[in-house]
Amino acid sequence: MTAPPRRIGVIGLGNMGWPMAANLLKAGFEIAVADARPGRAAQFVRDLGGRAGSDAADAAAGADAVITMLPTSAEVAAVIAAIRPALAAGSLVIEMSSGAPGVTRTLAGELAAGGIALIDAPVSGGVPRAERGELAILTGGAAADLARAEPILRALGTSIHHCGDVGAGQAMKALNNLVSAGGFLIGIEALLVGQKFGLDPAVMVDVLNASTGMNNSTQKKFKQFVLSRRFDAGFGLDLMVKDLSIALEIGRASGTATPFAALCREMWASAAALLGPGQDHTALARLSEQLAGATLGAPETGKEG
């Protein structure tokens, strides 16, 4: 029987990877960390502990399992190629990025030829739930490999869903973000319509949250990051566009008509082009505001009585 993994390499210490690695330390795992940004891994070790790898391959060396938490599948593929010589037969790669299922399946097949297993396990819940170890984790892979990964995943989340074979978790994550993005967009439009009518957007959010219009954005984003004008929820606008593109590709590959998804993705992509790089995804509201000729929370003239 294979011993439970104890030594873990964590590749990627971004907004999500950092708190996830911190929770692995708290759970008693031995971790080595690496990040493409110079000094990021060393800062993590100074602040929290563990070992800083000189690069991704060094962090993966001797690990029972390696977690990748990176922006796109292109970075994941590059990292897998870099760490492949350091991975021993029987080790496990847990791909937790919101990647492209087809790319992940190809990587899994290549690693399997060398006796290395790969599962995908993207997460949902954002930075606050990552910090609390309360993420929802969407997994894809063989049952035996998922069982090996479970002690690690239990340190990171409170809800683990087996969605199917390798790539299924990432497909589900992209479709989840499609639903989330659609809810955010229509909610912002409703707030703008209501404000122009004479309704208070903050009161509207309260009503939505007590009514059938409630969704994750009305609960956790509108007051916190839009009406406050903070726009700093911790998830990039460019990453949302990437996930929506993946969702559309899944639709195309399955021969499913996706007219609303296509429009939704186009709106988010337009916001990214208009606002430029480095924007939080909640800044999409600024595109809707420009189209409406109004700013949420600002006084309106010519209101209906």
Side-chain angles (χ1 to χ4, degrees), residues 1-35 44-45 47-51 53 59-60 62-70 76 79 83 87-88 90-99 101 104 107-108 111 116-177 216 220 234-235:
M1 183 176 179
T2 304
R6 297 305 306 168
R7 294 172 296 174
I8 304 171
V10 180
I11 315 299
L13 295 172
N15 289 337
M16 297 291 286
W18 182 292
M20 290 165 65
N23 282 324
L24 291 172
L25 273 178
K26 292 176 187 175
F29 290 97
E30 300 174 29
I31 72 167
V33 296
D35 192 89
F44 180 91
V45 173
D47 290 354
L48 299 170
R51 179 177 72 85
D64 303 314
V66 175
I67 291 173
T68 50
M69 189 63 174
L70 301 164
V76 173
V79 163
I83 69 174
L87 297 176
S91 58
L92 176 66
V93 174
I94 306 175
E95 211 309 71
M96 303 193 76
S97 316
S98 296
T104 301
L107 293 173
L111 289 173
I116 300 161
L118 181 148
I119 66 169
D120 61 304
V123 302
S124 182
V127 174
R129 285 175 62 183
E131 292 172 342
R132 298 193 301 267
E134 296 176 356
L135 292 166
I137 304 176
L138 319 176
T139 66
D145 298 328
L146 294 168
R148 290 170 58 198
E150 185 169 355
I152 298 170
L153 301 181
R154 290 292 177 196
L156 304 174
T158 52
S159 176
I160 301 174
H161 303 270
H162 183 199
C163 299
D165 294 334
V166 171
Q170 291 177 333
M172 185 66 246
K173 175 61 189 295
L175 295 170
N176 173 79
N177 278 12
N216 181 264
K220 299 180 179 179
F235 181 64

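Quick note: numbers below take in every heavy atom, side chains included, and nothing from hydrogens, waters or symmetry partners.
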> With S159, which residues qualify under side chain to side chain contact (heavy atoms under 4.5 Å, CB included), at least two apart?
Replying inline: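 Residues passing side chain to side chain contact (heavy atoms under 4.5 Å, CB included) with S159: A136, H161.
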> Just by distance, do the side chain of D120 and the backbone of G167 share a donor-acceptor pair under 3.5 Å?
Replying inline: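 Looks like yes, one N/O pair under 3.5 Å.
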>> When you measure from the side chain of E150 to the backbone of I152, do you find a donor-acceptor pair of N or O atoms at a distance under 3.5 Å?
In response: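 Checked: no pair found.
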Minimum heavy-atom separation for [X] to [Y], with atom names?
X: A149; Y: I119; result: CB-CD1, 3.5 Å
X: G141; Y: H162; result: O-NE2, 3.2 Å
X: A22; Y: F44; result: N-CZ, 3.7 Å
X: I94; Y: A65; result: CD1-CB, 4.5 Å
X: L153; Y: A121; result: CD2-CB, 4.3 Å
X: V166; Y: A108; result: CG1-CB, 3.9 Å

Non-hydrogen side-chain atoms of [X] and [Y] separated by less than 4.5 Å:
X: T158; Y: I137; answer: no
X: E95; Y: L107; answer: no
X: L70; Y: V79; answer: yes
X: P101; Y: Q170; answer: yes
X: M16; Y: V123; answer: yes
X: V66; Y: L92; answer: no
X: V33; Y: V45; answer: yes
X: S91; Y: D64; answer: no

Measure the spacing between [atom1] of [X] and [atom2] of [Y] and express it to the nearest 0.5 Å.
X: R154; Y: N23; atom1: CZ; atom2: CG; result: 14.5 Å
X: L24; Y: I8; atom1: CG; atom2: CD1; result: 5.0 Å
X: I116; Y: L87; atom1: CD1; atom2: CG; result: 4.5 Å
X: N177; Y: S98; atom1: CG; atom2: OG; result: 6.0 Å
X: L138; Y: M96; atom1: CG; atom2: CE; result: 9.0 Å
X: I11; Y: T68; atom1: CD1; atom2: OG1; result: 8.0 Å

>> The test is side chain to side chain contact (heavy atoms under 4.5 Å, CB included); show your working for W18 and L48 and say whether it passes.
In response: CA-CA 10 Å; W18 182 292; L48 299 170; 3.6 Å; yes
>> Counting only heavy atoms not in N216 (residues, nucleotides, ligands), do more than 12 fall under 6.0 Å from its CG?
In response: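 Enclosed.
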> Excluding sequence neighbours, so at least two apart, what forms salt bridge (charged side-chain N to carboxylate O under 4.0 Å, His left out) with E134?
Replying inline: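 E134 satisfies salt bridge (charged side-chain N to carboxylate O under 4.0 Å, His left out) with R132 only.
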> Mind checking what makes ring pair (Phe, Tyr, Trp, His ring centres under 6.0 Å) contact with F235, not counting sequence neighbours?
Replying inline: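 Scan of F235 (ring pair (Phe, Tyr, Trp, His ring centres under 6.0 Å), adjacent residues dropped) gives H281.
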> Think R7 forms a cation-pi with F29, using NZ or CZ under 6.0 Å from the six-ring centre and within 45 degrees of its axis?
Replying inline: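 No, R7 does not sit over the ring of F29.
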